[in-house]
Chemist: 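The structure follows.
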Protein chains: 2
Amino acid sequence: MRYYAFMHTVQVKPQEIFQALADPTRVRIVRLLAETGEESCLCELVDSLLEPQYKLSRHVKVLRQAGLLSAVKEGRWVYHRLVEGIPYLDRLYEALRLLPDVDGGFAHDVERFRQRMCLREDGRCRIGIQTPELAAGGE
Amino acid sequence: MRYYAFMHTVQVKPQEIFQALADPTRVRIVRLLAETGEESCLCELVDSLLEPQYKLSRHVKVLRQAGLLSAVKEGRWVYHRLVEGIPYLDRLYEALRLLPDVDGGFAHDVERFRQRMCLREDGRCRIGIQTPELAAGGE
DNA sequence: TGCATAAATGCATAATAACGCATGTATGCA
DNA sequence: TGCATACATGCGTTATTATGCATTTATGCA
């Protein structure tokens, strides 16, 4: 398991950034992190977005390879956060924060995320997936 | 041939916007219009991007359906412009303007576009595709 | 040192999307 | 009224991508 800090301005083509956001689940992930400004481990994302672990693991990988997320491993947990400080990416996050939440689905993601963050100890996640049926398969 | 003014905030899902930009040719189109602030007919796009007419016609349609472009028909010509005034779209265009032009390819697009715009009369395009081999097929 | 657990991934399948070729549609002009 | 032309599109092919199931890897703790 290796994590890369991608050299944006030289390696990532524009369409690859947008392609990374072309999937609804990946948009939910990035919107959640852009809206809350938090970093999150995978099990927190699972409990917030209510999607299977393997699915989010893959999507997070795509976002990482596109240079939108960086990951830091801490013990068994891997914390994901937005790559910030790159002008065009920061604008992109602004755009995401300005998106309307038509059906209120995103508000629910944020609410579940905030609840889940309350279970942290010393600002770190100490538990795993709290929605058992998502730990290894579909809903 | 009908053109729609899409109701953004209610009809277009976030990922559809990004999916529209997930193709390199479509990124070139939107970047060109965002950078120059111009509107453009299809034949001007063909001569600027050096891509076949049918290809750009399709890509422009995708961008239109995603709500990024609006189109106005004037005689035989159809002028395409960015949909502006929607906060998250305007941010998106800002992001596009901030993208680095690694290989200089985009600068060439802009240069060809500006040259092509010099052939307008009274601010309107009066000619067709000037690169014959692109009028109906590949290069 | 073995077990529980957070996260990653190989594989097969299904859905999606881009492309080239050719043709169709619509508009203006002689 | 017929022709030239700006733009749109149906079709078949190919390439890419998302998903679910199952399993593997890696880390901490008893």
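Proteins get letters first, then strands, A, B, ... in listed order; numbering begins at 1 in each.
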Chemist: About how many Å separate CD of A/Q53 and SG of A/C43, when rounded to the nearest 0.5 Å?
Modeler: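 With rounding to 0.5 Å, SG (A/C43) is 9.5 Å from CD (A/Q53).
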Chemist: In terms of side-chain heavy atoms of A/S57, which of D/dT9, D/dT27, C/dT9 is nearest?
Modeler: C/dT9
Chemist: Rounded to the Å, how far apart are B/D23 CG and D/dT17 C1'?
Modeler: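 Taking atom C1' of D/dT17 as the reference, CG of B/D23 is at 15 Å.
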Chemist: Counting any heavy atom closer than 4.0 Å, what does B/R126 reach on the DNA or RNA strands: base, sugar-phosphate only, or nothing?
Modeler: nothing
Chemist: Can you tell me if the side-chain N/O atoms of B/H59 get under 4.0 Å from OP1 or OP2 in C/dC19?
Modeler: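 Checking B/H59 against C/dC19: at least one side-chain N or O falls below 4.0 Å of OP1 or OP2.
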Chemist: Counting just side-chain N and O atoms, does A/Y54 come under 4.0 Å of either OP1 or OP2 of D/dG20?
Modeler: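 Yes, because at least one side-chain N or O of A/Y54 sits under 4.0 Å from OP1 or OP2 of D/dG20.
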Chemist: Using a cut-off of 4.0 Å on non-hydrogen atoms, how would the nucleic acid contact of B/C41 be classed: base, sugar-phosphate, or nothing?
Modeler: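 Sugar-phosphate, no base atom in range.
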Chemist: Would you please name every residue forming a side-chain contact (heavy atoms from CB on, under 4.5 Å) with B/R81, sequence neighbours left out?
Modeler: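 Counting only residues at least two positions away or on another chain, B/R81 forms a side-chain contact (heavy atoms from CB on, under 4.5 Å) with B/E39, B/S70.
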Chemist: Should B/R124 and B/E74 count as an ion pair when the cut-off is N to O under 4.0 Å?
Modeler: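 Yes, B/R124 and B/E74 are salt-bridged.
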Chemist: Does a nitrogen or oxygen in the side chain of B/K73 sit under 4.0 Å from OP1 or OP2 of C/dT27?
Modeler: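 Yes.
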Chemist: For A/Q19, check side-chain contact (heavy atoms from CB on, under 4.5 Å) against everything at least two apart and list the hits.
Modeler: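 A/Q19 satisfies side-chain contact (heavy atoms from CB on, under 4.5 Å) with B/A22 only.
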Chemist: Taking CD from A/Q53 and P from D/dT24, how many angstroms apart are they, rounded to a whole number?
Modeler: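 So the CD-P distance, A/Q53 to D/dT24, works out to 15 Å.
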Chemist: To the nearest angstrom, how far is A/W77 atom CH2 from D/dT27 atom P?
Modeler: 13 Å
Chemist: Can you tell which of D/dA18, C/dA17, C/dT9 lies closest to the side chain of B/Q19?
Modeler: C/dA17
Chemist: With both distances under 3.5 Å as the test, what is the Watson-Crick or G-U wobble partner of D/dT14?
Modeler: C/dA17
Chemist: Can you tell me if B/D47 and B/T131 form a side-chain donor-acceptor pair at under 3.5 Å?
Modeler: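 Judged by distance alone, the side chains do pair up.
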Chemist: A/K55 or A/E74: which one's nearest nucleotide on DNA chain D is closer to the 5' end?
Modeler: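 First, find each residue's nearest nucleotide; the 5'-ward one identifies A/K55.
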Chemist: What is the distance, to the nearest angstrom, from the CG atom on B/L56 to the C1' atom on C/dG20?
Modeler: 14 Å
Chemist: Starting from the 5' end of DNA chain D, give me the residue, B/G128 or A/G75, whose nearest nucleotide shows up first.
Modeler: B/G128
Chemist: What's the CD-C1' distance between B/E44 and D/dC7, to the nearest Å?
Modeler: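 For the pair B/E44 CD and D/dC7 C1', the rounded distance is 14 Å.
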Chemist: Which nucleotide in the list D/dG20, D/dA8, C/dA6 gets nearest to the side chain of A/R76?
Modeler: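 The listed nucleotide nearest to A/R76's side chain is C/dA6.
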Chemist: Let me know the distance between OH of A/Y79 and P of C/dA6, rounded to the nearest Å.
Modeler: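 Answer to the nearest Å: 11 Å.
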Chemist: Would you mind checking if A/K55 and A/E51 are paired as a salt bridge, meaning a charged N to carboxylate O distance below 4.0 Å?
Modeler: yes
Chemist: Can you find a side chain N or O atom of B/R26 that sits less than 4.0 Å from OP1 or OP2 on C/dA18?
Modeler: yes
Chemist: Can you tell me the distance, in whole Å, between the CZ atom of B/R124 and the C1' atom of D/dA6?
Modeler: 15 Å
Chemist: What's B/I127 touching, base or sugar-phosphate or nothing? Going by heavy atoms closer than 4.0 Å.
Modeler: sugar-phosphate
Chemist: Grab the NZ-C1' distance between B/K61 and C/dT25 for me, whole Å please.
Modeler: 13 Å
